[in-house]
Protein chains: 2
Amino acid sequence: MPRRENISMSVIRRLPRYYRFLTHLKDKGVTRISSTELSVKLGLTASQIRQDLNCFGGFGQQGYGYIVDQLCDEIGNILGLSSRYKTILIGAGNLGRAIASHMQFEDEGFDLIGIFDSSPSKTGTRINGHIVIDTTELENFCEKEKPVMAILCIPREGVQSIIERLYGMGVRNFWNFSHYDISMRYEDTVVENVHLNDSLMTLCYRISNPNDK
Amino acid sequence: MPRRENISMSVIRRLPRYYRFLTHLKDKGVTRISSTELSVKLGLTASQIRQDLNCFGGFGQQGYGYIVDQLCDEIGNILGLSSRYKTILIGAGNLGRAIASHMQFEDEGFDLIGIFDSSPSKTGTRINGHIVIDTTELENFCEKEKPVMAILCIPREGVQSIIERLYGMGVRNFWNFSHYDISMRYEDTVVENVHLNDSLMTLCYRISNPNDK
DNA sequence: TCTATTGTGTTAAATATATAACTATTATCT
DNA sequence: AGATAATAGTTATATATTTAACACAATAGA
């Protein structure tokens with residue numbers, strides 16, 4: 001039975017890692033694993049793993065460990081991976097196209113139902129089965145299809161206005177690849193930023209300053 | 001004068017954000033800014049910003065604030081953005097191609113000097129001015145060019161062996177897009193993971209559990 | 001030039017997170 | 001079936017991180 005009282009972001013961000021590794025174990029045919037074994041493989045402490053899992057309930061058996069298959073399913077459920085969230089992608093540039101083609105959205109609860117771009121050189125072209133639609137069609141499309149999630153792969157300048165249009169059409173969740181930091185005045189939205197440049201700068205810092213952890 | 005004694009990862013990960021925003025301000029012609037103003041724009045507390053900056057020295061003036069231009073440069077220096085790190089990219093699939101075309105590596109201290117792939121359908125093709133080289137040529141290439149950084153855009157299975165080959169050739173820094181969690185036995189390496197699927201799963205969790213923060 | 005105000009740098013307190021210690025349950029072995 | 005070992009769940013401690021408070025320097029205005 002889940003407890004779920006104010007789970008911290010630190011815990012949530014480790015769940016996909018557990019899920020990924022457990023899936024891998026399952027594929028390898030491993031049926032049971034202890035928190036200690038997990039901790040070694042993942043480079044964490046056993047304490048942390050046990051505590052993370054216990055935020056959601058006791059999935060293990062004392063003296064035995066965790067059943068890989070079962071734990072994997074449990075975490076999948078916690079993450080909500082069996083949900084179906086209608087998703088659109090805005091921006092069919094290099095990155096947008098790669099995201100659309102590369103990601104297995106379905107496995108993570110999302111269904112890509114439309115790709116948009118405002119450049120005439122892109123609209124009408126085909127990406128992974130989807131025909132790129134002109135961004136002027138956004139409102140019409142949303143009214144009909146009611147997407148709940150938008151992936152933003154557009155330049156900084158365009159973001160604020162697109163967000164407002166999408167919010168107006170009921171979209172509340174954003175996976176943001178733009179350089180723009182979406183600071184939502186709205187309370188009911190979820191934003192996950194992926195700032196590749198920030199990641200690269202962090203890497204640059206760490207290379208340049210090998211002393212720091 | 002920098003102090004730099006064991007800067008925490010939390011601080012380091014905020015630096016690119018500051019840098020990005022200050023660059024933006026600079027472009028807009030803003031010349032000075034206070035920690036309070038910054039905190040409002042970035043959605044952080046002024047205390048945090050002041051403390052972050054003071055890890056590296058006092059860049060502001062009491063009663064006045066920070067000079068945008070100067071602070072921006074300082075943070076750029078701290079991040080080491082003027083470094084030149086020879087970089088190669090492994091894996092010319094959807095994601096690899098997008099990363100190679102989309103990123104402004106030069107602005108972040110990296111020079112992309114080669115792209116590799118093991119599939120004959122990719123080798124010889126051109127990506128953003130680079131001809132894709134067969135991965136069998138990796139050792140020859142490294143011996144000559146001495147890259148220090150590798151971007152990994154290959155499937156999980158290939159990662160461990162590629163890392164070992166690269167490590168053998170002196171590459172110590174990795175920007176990893178694969179689903180594989182690089183757990184380095186080696187002490188002198190820097191790994192920055194970008195797990196897009198994890199990010200998406202986190203998003204899925206947050207949509208499915210709107211109560212949590 | 002003096003004074004009030006602003007706003008940094010710094011120290012202290014509060015909160016969050018991670019680790020360690022402990023308890024109790026289950027499995028395994030004899 | 002009973003004893004022992006293994007290991008989850010839980011509580012307590014330690015550490016890290018964030019926020020708040022404050023003292024002091026510089027600015028700007030009268």
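Just the heavy atoms: all of them, side chains too, but no hydrogens, waters or symmetry mates, feed the values below. Letters A, B, ... mirror the listed sequences (proteins, then strands); counts begin at 1.
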### Task
Check whether any side-chain heavy atom of Leu89(B) sits under 4.5 Å from a side-chain heavy atom of Ile127(B), and report yes or no.
no

### Query
Can you find a side chain N or O atom of Ser8(A) that sits less than 4.0 Å from OP1 or OP2 on dT17(C)?
yes

### Query
Is the distance from OP1 or OP2 of dG7(C) to the nearest side-chain N or O of Thr36(B) less than 4.0 Å?
no

Can you tell me the distance, in whole Å, between the [atom1] atom of [X] and the [atom2] atom of [N]?
X: Leu42(B); N: dT18(D); atom1: CG; atom2: C1'; answer: 16 Å
X: Leu71(A); N: dA8(D); atom1: CG; atom2: P; answer: 10 Å
X: Arg14(B); N: dT19(D); atom1: CZ; atom2: P; answer: 8 Å
X: Leu53(B); N: dG7(C); atom1: CG; atom2: C1'; answer: 13 Å
X: Asp52(B); N: dG9(C); atom1: CG; atom2: C1'; answer: 13 Å
X: Phe59(A); N: dT7(D); atom1: CZ; atom2: C1'; answer: 17 Å
X: Gln70(A); N: dA8(D); atom1: CD; atom2: C1'; answer: 13 Å
X: Ile49(A); N: dT7(D); atom1: CD1; atom2: C1'; answer: 13 Å

## Note on the structure
For residues 94-112 of chain B, the salt bridge (charged side-chain N to carboxylate O under 4.0 Å, His left out) pairs (sequence neighbours left out) are Arg84(B)-Asp111(B)

#### Entry: Pairs satisfying salt bridge (charged side-chain N to carboxylate O under 4.0 Å, His left out), at least one member in residues 14-24 of chain A, at least two apart
Arg14(A)-Asp52(A), Arg17(A)-Asp181(B), Arg20(A)-Asp181(B), Arg20(A)-Asp198(B)

### From dT17(C), dT10(C), dG7(C), nucleotide with atom closest to Asn54(B) side chain
dT10(C)

### Summary
Across all chains, not counting sequence neighbours, the salt bridge (Lys or Arg N to Asp or Glu O under 4.0 Å) partners of Glu139(A) are Arg165(A)

### Query
Which letters describe nucleotides 19-27 of chain C, given B = protein heavy atom under 4.0 Å from base, S = only from sugar-phosphate, - = neither?
BBB--BBBS

### Query
Listed by chain and number, what are the side-chain contact (heavy atoms from CB on, under 4.5 Å) partners of Ser199(B), not counting sequence neighbours?
Trp175(A), Glu192(A), Val194(A)

#### Entry: Under the side-chain contact (heavy atoms from CB on, under 4.5 Å) test, residues paired with Val171(B) that sit two or more places apart
Pro147(B), Ala150(B), Leu166(B), Phe174(B)

### Message
Given the ring of Tyr64(B), does Arg32(B) sit roughly above its face, with NZ or CZ under 6.0 Å from the centre of the six-membered ring and within 45° of the axis?
### Response
yes

